[in-house]
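Source: prediction; values computed, not measured. In what follows, every heavy atom counts, from backbone to side chain, and hydrogens, waters and symmetry copies are set aside. Reminder, nothing fancy here: chain letters follow the sequence lines and each chain counts from 1.
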There are 2 protein chains.
Amino acid sequence: MAKLQKSIDKRNALIKATIELVNNNGFHATPMSKIAKMAKVSPATIYLYFENKQDLVNKTYIEVKAKYTDYAFANYNESMSVKTGFETIWKRIAEFKLNEYEHAMFLAQCDNTPMIDEPSLKEGIKHLQPLLDLWERGKQEGIIKPVSNYLLYAYAVSPLSFLMIAQKRGAFQLDKEQIEEAYQSAWSSIKKCEQ
Amino acid sequence: MAKLQKSIDKRNALIKATIELVNNNGFHATPMSKIAKMAKVSPATIYLYFENKQDLVNKTYIEVKAKYTDYAFANYNESMSVKTGFETIWKRIAEFKLNEYEHAMFLAQCDNTPMIDEPSLKEGIKHLQPLLDLWERGKQEGIIKPVSNYLLYAYAVSPLSFLMIAQKRGAFQLDKEQIEEAYQSAWSSIKKCEQ
DNA sequence: AAAAAAAGAATGAACGTTCATTTTTGTCTA
DNA sequence: TAGACAAAAATGAACGTTCATTCTTTTTTT
């Protein structure tokens with residue numbers, strides 16, 4: 001067990017270093033040698049855990065995406081009403097983007113860049129399924145606008161990415177009240193009018 | 001004039017090649033030699049027009065950003081009402097993101113990556129000023145929600161970036177009706193309630 | 001024919017990856 | 001239980017390649 005434990009620690013250190021360095025310098029400007037140094041490991045050791053640099057960054061993406069969605073759905077269960085369920089998920093997503101912004105920034109970079117290969121991007125999308133299922137239910141119940149889930153996501157969730165980046169750049173600071181207001185705006189955007 | 005003309009053509013070809021290659025491969029995977037080849041120019045020639053690779057990509061960013069905002073404000077003038085002005089600008093932004101998506105994708109990558117240096121990012125932001133001015137006027141007139149311009153942008157404009165990327169990835173297709181609906185959603189998000 | 005622009009080849013540095021070797025871990029034997 | 005030994009893990013140095021940039025020469029322009 002000691003052996004396995006040690007390995008997992010190193011793997012985690014490599015993933016952590018990758019996130020931090022890619023966030024600060026971008027994929028192109030983070031050499032394997034720097035990742036190794038930050039993880040306190042020899043460059044050669046990386047290749048015991050990952051096939052190559054692309055594999056390292058793909059796996060990092062998938063792990064961070066899983067972390068994101070675990071976080072988002074932590075307080076949610078399917079017996080909730082559509083409205084409560086959405087509020088629960090949305091607020092967790094907001095919390096993640098604003099508190100765990102190292103991870104959120106990394107995802108934003110991956111999602112706007114040809115950094116990650118297609119299969120890994122596909123893999124990452126799967127994790128959002130519970131939110132899509134909730135919306136489908138909402139549409140059937142006549143509570144949610146009968147439009148594509150892409151539109152719902154764009155209206156209600158994607159603004160949080162913009163706010164996270166503006167906040168991270170120090171442009172302004174979000175407080176509790178603004179988050180509540182942003183939530184109301186998100187819900188208004190996706191709920192069926194005048195129910 | 002012939003000399004200058006020729007130079008501008010080459011410069012434009014270099015900028016165009018940079019956009020296309022960075023879009024497809026990312027900054028890290030587009031060597032100067034490929035940019036040169038696509039622009040039908042020797043690698044050494046690039047250095048007659050730009051200081052170095054970073055300068056090339058910075059200048060490309062600023063040019064594309066200027067193109068974006070010129071496009072966005074083309075039909076707008078300050079004598080319009082707040083509501084009409086916003087609709088005019090918003091629809092042009094939508095058009096740009098969906099039709100000129102090569103340029104829009106490039107901007108998205110720049111804005112989510114440490115690819116562009118800080119001064120050039122700052123330079124690029126300036127161009128949005130007319131929209132911010134319009135919002136300030138709207139707040140004074142009691143038409144627009146009295147909240148930070150960052151929030152207004154997040155609610156009303158940033159969803160378009162998400163939709164552009166989804167569309168570009170072939171995930172789904174936006175039609176006229178959905179754009180109109182997205183506009184209504186955007187306007188609802190920023191207008192002061194129940195005026 | 002001088003000056004400017006452009007070209008291709010050359011250069012040196014940096015990078016991803018691999019190789020040969022050492023260190024650590026875990027197991028088996030006496 | 002001590003010690004030997006095989007397997008696994010880890011390492012630092014080395015390799016070959018690629019890249020941004022520069023140098024020298026050629027072509028074009030005026």
Linked, directly or transitively: B/F96 and B/L134 (ILVMFWY side chains, under 4.5 Å):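 Yes.
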How long is the line joining [atom1] of [X] and [atom2] of [N], in whole Å?
| X | N | atom1 | atom2 | answer |
| --- | --- | --- | --- | --- |
| A/I46 | C/dC15 | CD1 | C1' | 12 Å |
| A/L14 | C/dG16 | CG | P | 14 Å |
| A/N52 | C/dT17 | CG | P | 5 Å |
| A/K53 | C/dC15 | NZ | P | 9 Å |
| A/N25 | C/dC15 | CG | C1' | 15 Å |
| A/Y47 | D/dT11 | OH | P | 15 Å |
| A/D9 | D/dA10 | CG | C1' | 15 Å |
| A/K37 | C/dG16 | NZ | P | 13 Å |

[X] side chain: which of [options] is closest?
| X | options | answer |
| --- | --- | --- |
| B/L48 | D/dA20, D/dT21, C/dA5 | C/dA5 |
| B/V41 | D/dG12, C/dA7, C/dC15 | C/dA7 |
| B/Y49 | D/dA20, C/dT17, C/dA6 | C/dA6 |
| B/S42 | C/dA6, C/dC15, C/dG8 | C/dG8 |

Residue closer to the 5' end of DNA chain C, A/A44 versus A/H28 (nearest nucleotide):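 By nearest-heavy-atom nucleotide position, the 5'-most residue is A/H28.
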Electrostatic pair B/E95-B/K91, nearest N-O below 4.0 angstrom: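 Looking at B/K91 together with B/E95, the answer is no, because their closest N to O distance does not fall below 4.0 Å.
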Full working for side chain to side chain contact (heavy atoms under 4.5 Å, CB included) between A/W187 and A/W90: CA-CA 9 Å; A/W187 174 247; A/W90 191 95; over 6 Å; no
B/Y71 OH: over 12 foreign heavy atoms closer than 6.0 Å: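 It does: B/Y71 OH has more than 12 such atoms within range.
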